[in-house]
Amino acid sequence: MRQLPPQSEPTFGFTDSPFGECCIVFSTEGICALTFPEDRESALYDIEQRFPETNFTQNDAKAKRFASMIFEKKEIPTLNPIGTDFQQTVWNALKNIPVGETTTYTKIAEAIGRSKAVRAVGTAIGANPIAFLIPCHRVIRTDGGLGGFRWGLEVKKKMLEWEKK
DNA sequence: AGGACAACGGTCT
DNA sequence: AGACCGTTGTCCT
């Protein structure tokens, strides 16, 4: 009997990154979350809230392999962000921001043709499930302020520094 | 420079 | 229907 192709069951794992320990969550389709939680317990809580229907098994080695792909080889694996149409549109727009550059919430709103929806864009960016790979950290305020960051402004600052140069 | 405030639109309860 | 937000422009002190 022929062997089935390797199945990628839903997994999650913790691993080091240039910005502290991160948690990578894989669905069968690709990476569905990348977070930089304060502690592992809150990371697990976050997964449970986001994917109450799915059972994930822990695989730190896999997370580590992907971390080196992402942060050392600087490749972007297949992503599988879950969100509303509006959120998908916003997250797609974020991918067009070049490495080492920043843009503003207003410019993203304009880029997706919803210049009046700045506030909603901010909320959608805040809901980005895949930090760093969907570069929400490259979005700052029009007045030059850092804006917000789900995983702490220190991490956002570090990411921008790391990408500069 | 910094604070208060209203208007904005998507999402959740 | 109301409240909450990773915003912003305006109007103050």
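Heavy-atom basis, side chains included; hydrogens, waters and symmetry copies ignored. We name chains A, B, ... by the order of the sequence lines, and we start the count at 1 in each one.
- Of all heavy-atom pairs between A/L133 and A/P77, the closest is CD1-CD, 4.2 Å.
- Per the geometry, CD belonging to A/Q87 stands 13 Å off C1' belonging to B/dG9, to the nearest Å.
- Put simply, the side chain of A/P10 does not reach to within 4.5 Å of the side chain of A/T57, judged on heavy atoms.
- The distance from atom CG of A/D143 to atom P of B/dG3 is 13 Å, rounded to the nearest whole Å.
- Contact annotation: the side chain of A/K158 never approaches that of A/H137 to less than 4.5 Å [non-hydrogen atoms, C-beta and beyond].
- Bounding nucleotides for the chain A contact on DNA chain C, 5' to 3', at a heavy-atom distance below 4.0 Å, are C/dC5 to C/dT8.
- Once rounded to the nearest 0.5 Å, the distance linking CZ of A/F149 with CD1 of A/I125 reads 11.5 Å.
- Where pairing requires Watson-Crick or G-U contacts shorter than 3.5 Å, the helical stems of DNA chain B with at least three consecutive pairs are B:1-7 with C:7-13, B:9-13 with C:1-5.
- Within the 4.5 Å cutoff, side-chain heavy atoms of A/F132 are placed close to those of A/E163.
- Within a 6.0 Å sphere centred on CD of A/Q58, other residues, nucleotides and ligands contribute more than 12 heavy atoms.
- A/Y105 comes within contact range of at least one nucleobase, with a heavy-atom separation under 4.0 Å.
- Per the geometry, CD belonging to A/Q49 stands 19 Å off P belonging to B/dT11, to the nearest Å.
- By the 4.5 Å heavy-atom criterion applied to side chains, A/R138 and A/V99 are counted as neighbours.
- Proximity of a side-chain donor or acceptor of A/N92 to a complementary backbone N or O of A/Q88 within less than 3.5 Å is detected.
- Using a 4.5 Å heavy-atom cutoff, the side chains of A/R150 and A/N128 are not in contact.
- Between the CZ atom of A/R50 and the C1' atom of B/dC12 there is a distance of 14 Å, given to the nearest Å.
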**Request:** Report the C-alpha separation of A/M159 and A/W151 in whole Å, then their side-chain angles, then the decisive distance to 0.1 Å, and conclude whether the side-chain contact (heavy atoms from CB on, under 4.5 Å) test is met.
**Result:** CA-CA 12 Å; A/M159 287 180 176; A/W151 312 110; over 6 Å; no
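- Under a cut-off of 6.0 angstrom, the local environment of CG in A/D85 is sparse, with at most 12 non-hydrogen atoms contributed by other residues, nucleotides or ligands.
- Near-neighbour residues of DNA chain C inside residues 116-136 of chain A, defined by a heavy atom below 4.0 Å, number-ordered: A/V118, A/R119, A/G122, A/T123, A/I125, A/G126, A/C136.
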